Number of protein chains: 2
Amino acid sequence: MPGTLTIGDFARATHITIKTLRRYHELGLLQPAAIDPSSGYRYYSTDQIPTAQVIRRFRDLDMPTREIAAIVATTDVDARARLIAHHLARLEAQLDQTRAAVASLRRLLEPDPPALVVEHRAAPALLVAAITASVARDDVLDWYSEAMDELRAAVVGSTVTGPAGGLYDNTLFTDDLGQAVVYLPVASPPTTGRVAPFTVPAAELAIVVHRGPHDDIDVTYGQLGSYVARSELTVAGPVREIYLVGPRDTSDASAWRTEIGWPVFRTG
Amino acid sequence: MPGTLTIGDFARATHITIKTLRRYHELGLLQPAAIDPSSGYRYYSTDQIPTAQVIRRFRDLDMPTREIAAIVATTDVDARARLIAHHLARLEAQLDQTRAAVASLRRLLEPDPPALVVEHRAAPALLVAAITASVARDDVLDWYSEAMDELRAAVVGSTVTGPAGGLYDNTLFTDDLGQAVVYLPVASPPTTGRVAPFTVPAAELAIVVHRGPHDDIDVTYGQLGSYVARSELTVAGPVREIYLVGPRDTSDASAWRTEIGWPVFRTG
DNA sequence: CGTGGACCCTCCCCCGCGGGGAGAGTCCAG
DNA sequence: CTGGACTCTCCCCGCGGGGGAGGGTCCACG
């Protein structure tokens, strides 16, 4: 039959491996035009070559096969454009992340360990307006900025009595999933949507201030952690962060200040 | 013991999951400072925190764990720098590839199918200086440029009687691995290093010329493949490419011309 | 000093995307 | 008709990581 290709011919025409073509078939990404019911042989049409090439391009861009399947299955031009745009946005984000990782690696390799100043403080209980949720670690940043927007919107009119902060469950770091709280201290916390009054409990804290963007914050965490271990202290409860200076205050990321508070009590 | 952390403490201090720390241990990437022989408990030293953070940075940059292991195990600064530079080069290449894929995707989605001109030609046998090897598809580009440099060096003094070319086994496209030949036609082919005389066999060819950089070359292959299928022809032997205009001739990639020759014979 | 709850252990299965290879069936030109 | 090229399915492997079961360990509090 003219215009019909065996899987090998199709592989030659598209530069896609036979193995991969078979997988694309079973994933529903690229259905052969015909399958011989007795032999199971796959036969492709020449019309499918352009589709296969589009698939190849998207795979080169690391788009997940499920999304590619959605795109090639969609005839609606707008929906298709939306899917592609979504993926391109993800690529952008990934590029940014790579750039950030490179930069912070450079900083890390600089033989310039800044002095570590750990402060101990007995923090009293604090009444705040808060949003609480169970979050995965990868989602924390997105979740945080959304929640903080909602918080700011909920407290307009009230007097904000201090910098914003957050409490992060230990399991967030050990298991990539845990409770997280973001809060704003206000005189009389409202109850709106996800926003609810909350009392940050009193605690004995070991505190260190992280300077600069958060790409490096694990380094500061590490310093604090090693201080705590050396001082024979033990962790008691969720880690606290207080955002003394943040993106809302200045666009100069190197001026940001984040207080990290580790609830401790003396052991042994 | 001060300065000693359980795996959970270490996870909190480094922001690396317990699961991942255990994997890094069994991969030999990050050995715990001590292991309780009776309980199997892993204990880490605070000194290991910076190492762990370096590992995390490199993983963020998608460096394979084996390479990271090599880096953290090496005390030789130069060797370490070489390893890092190597990975940065790989990241660069990856960025280029992404850019190319995006560009060619855009071209592909433009509804602008250029006219396809397929020529038939009975190519006579041709004596050439050639390098032959079994190559994986991912390595073809690197292999090609190395081999071509070696060829050019081997034929200085001889008269080059035509454009460079290559022969590519079908299994290169169906299985990602196959024989590849690159050649330069010269009057009297030398034998030096990998370079040896070779006779490109006579063949009946279906020929199409690909215009522009090779990012899109699979599209031209697809057009030729679908022509061959519609014409009830069948493939007989390795695909041939002839580099009429290439990077050596002009840096304007859109001016490049590559002849693709598909050995065919009439079927049925 | 006992005990409960938090913590840690190993082991196995899962994901996506792809490759290697065995063993058997199919296709088709000479 | 036959042989060699082609194709089929099935299972295992790689990477880097996650989920969860089942069971042992640690230690502060009562």
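In the text below, chain A, chain B and the rest are named by the order of the sequence lines, each starting its count at 1. For clarity, every value in this text was computed on a predicted model and none was experimentally measured.
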What residue pairs, at least two apart or across chains, pass salt bridge (charged side-chain N to carboxylate O under 4.0 Å, His left out) with a residue in residues 62-74 of chain A?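 Every salt bridge (charged side-chain N to carboxylate O under 4.0 Å, His left out) pair that includes a residue of residues 62-74 of chain A, provided the two are not neighbours, is A/Glu67-A/Arg90.
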**Request:** Just grab all the salt bridge (charged side-chain N to carboxylate O under 4.0 Å, His left out) pairs involving residues 2-24 of chain A, residues at least two apart or on different chains.
**Result:**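 Sorted pair list: A/Asp9-A/Arg12.
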Overall bend - the helix from C/dC1-D/dG30 to C/dG30-D/dC1, comparing terminal axes fitted on five pairs, nearest 10 degrees: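 End axes: 20° apart.
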[atom1] of [X] versus [atom2] of [N]: gap in Å, rounded?
X: A/Met63; N: C/dG16; atom1: CE; atom2: P; answer: 17 Å
X: B/Asp176; N: C/dG21; atom1: CG; atom2: P; answer: 13 Å
X: B/Asn170; N: D/dT7; atom1: CG; atom2: C1'; answer: 15 Å
X: B/Leu30; N: D/dG17; atom1: CG; atom2: P; answer: 13 Å
X: A/Glu26; N: C/dC15; atom1: CD; atom2: P; answer: 12 Å
X: A/His25; N: D/dC8; atom1: NE2; atom2: C1'; answer: 12 Å
X: A/Arg56; N: C/dG18; atom1: CZ; atom2: P; answer: 11 Å

_For A/Gln179, all residues meeting side chain to side chain donor-acceptor pair (under 3.5 Å), sequence neighbours excluded_ =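 A/Gln179 satisfies side chain to side chain donor-acceptor pair (under 3.5 Å) with no other residue.
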- prompt: Side-chain contact, heavy-atom cut-off 4.5 Å: A/Arg56 with A/Thr14?
  reply: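 Sidechains of A/Thr14 and A/Arg56: no contact.
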- Return the set of residues passing ring-ring contact (aromatic ring centres under 6.0 Å, His included) with B/His214 (not counting sequence neighbours), or none when no residue passes.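 Per chain and number, B/His214 pairs via ring-ring contact (aromatic ring centres under 6.0 Å, His included) with no residue.
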Problem - Any residue meeting ring-ring contact (aromatic ring centres under 6.0 Å, His included) with A/Tyr44, in chain and number order, not counting sequence neighbours - result: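 ring-ring contact (aromatic ring centres under 6.0 Å, His included) check on A/Tyr44 returns A/Phe10.
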Item to check | 5' precedence on DNA chain C between A/Pro64 and B/Thr6 (nearest-nucleotide basis) | outcome: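 Upstream on the strand: B/Thr6.
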- Task: Select from A/Thr174 and B/Asp175 the residue whose nearest nucleotide in DNA chain C is closer to the 5' end of that strand.
- Result: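 Comparing both residues, the 5'-ward one is A/Thr174.
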| message | Once you measure the plane-to-plane angle for A/His15 and B/Phe173, does it fall in the parallel (<30°), tilted (30-60°) or perpendicular (>60°) bin? | response |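 Aromatic pair A/His15/B/Phe173 classed parallel.
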### Members of residues 36-47 of chain B that approach DNA chain D, where some heavy atom sits under 4.0 Å away
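Hits under 4.0 Å, by residue number: B/Asp36, B/Ser39, B/Tyr41.
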Practice prompt. Return the residues of residues 7-23 of chain A meeting this criterion: a heavy atom under 4.0 Å from some atom of DNA chain D. Order them by number, or give none.
Written response: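 Correct list: A/Ile7, A/Gly8, A/Ile18, A/Lys19, A/Arg22.
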Going by atom types only, do A/Arg42 and A/His25 share a side-chain donor-acceptor pair under 3.5 Å?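 Result is yes, a qualifying pair exists.
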Mind checking B/Arg66 for me? I need base, sugar-phosphate or nothing, with any heavy atom below 4.0 Å counting as a touch.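 Result for B/Arg66 = sugar-phosphate.
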Side-chain N,O (A/Tyr24) to OP1/OP2 (C/dG18) below 4.0 Å: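 Checking A/Tyr24 against C/dG18: at least one side-chain N or O falls below 4.0 Å of OP1 or OP2.
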Listed partners of [X] passing side chain to side chain contact (heavy atoms under 4.5 Å, CB included), at least two apart:
X: B/Leu177; answer: B/Ser134, B/Ala136
X: B/Leu141; answer: none
X: A/Ser145; answer: none

Starting at the 5' end of DNA chain D, which residue's closest nucleotide do you reach first, B/Thr171 or B/Asp62?
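Of the two residues, B/Thr171 wins.
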Going by salt bridge (charged side-chain N to carboxylate O under 4.0 Å, His left out), name the residues that satisfy it together with B/Asp176, two or more places apart in sequence or in a different chain.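 B/Arg137.
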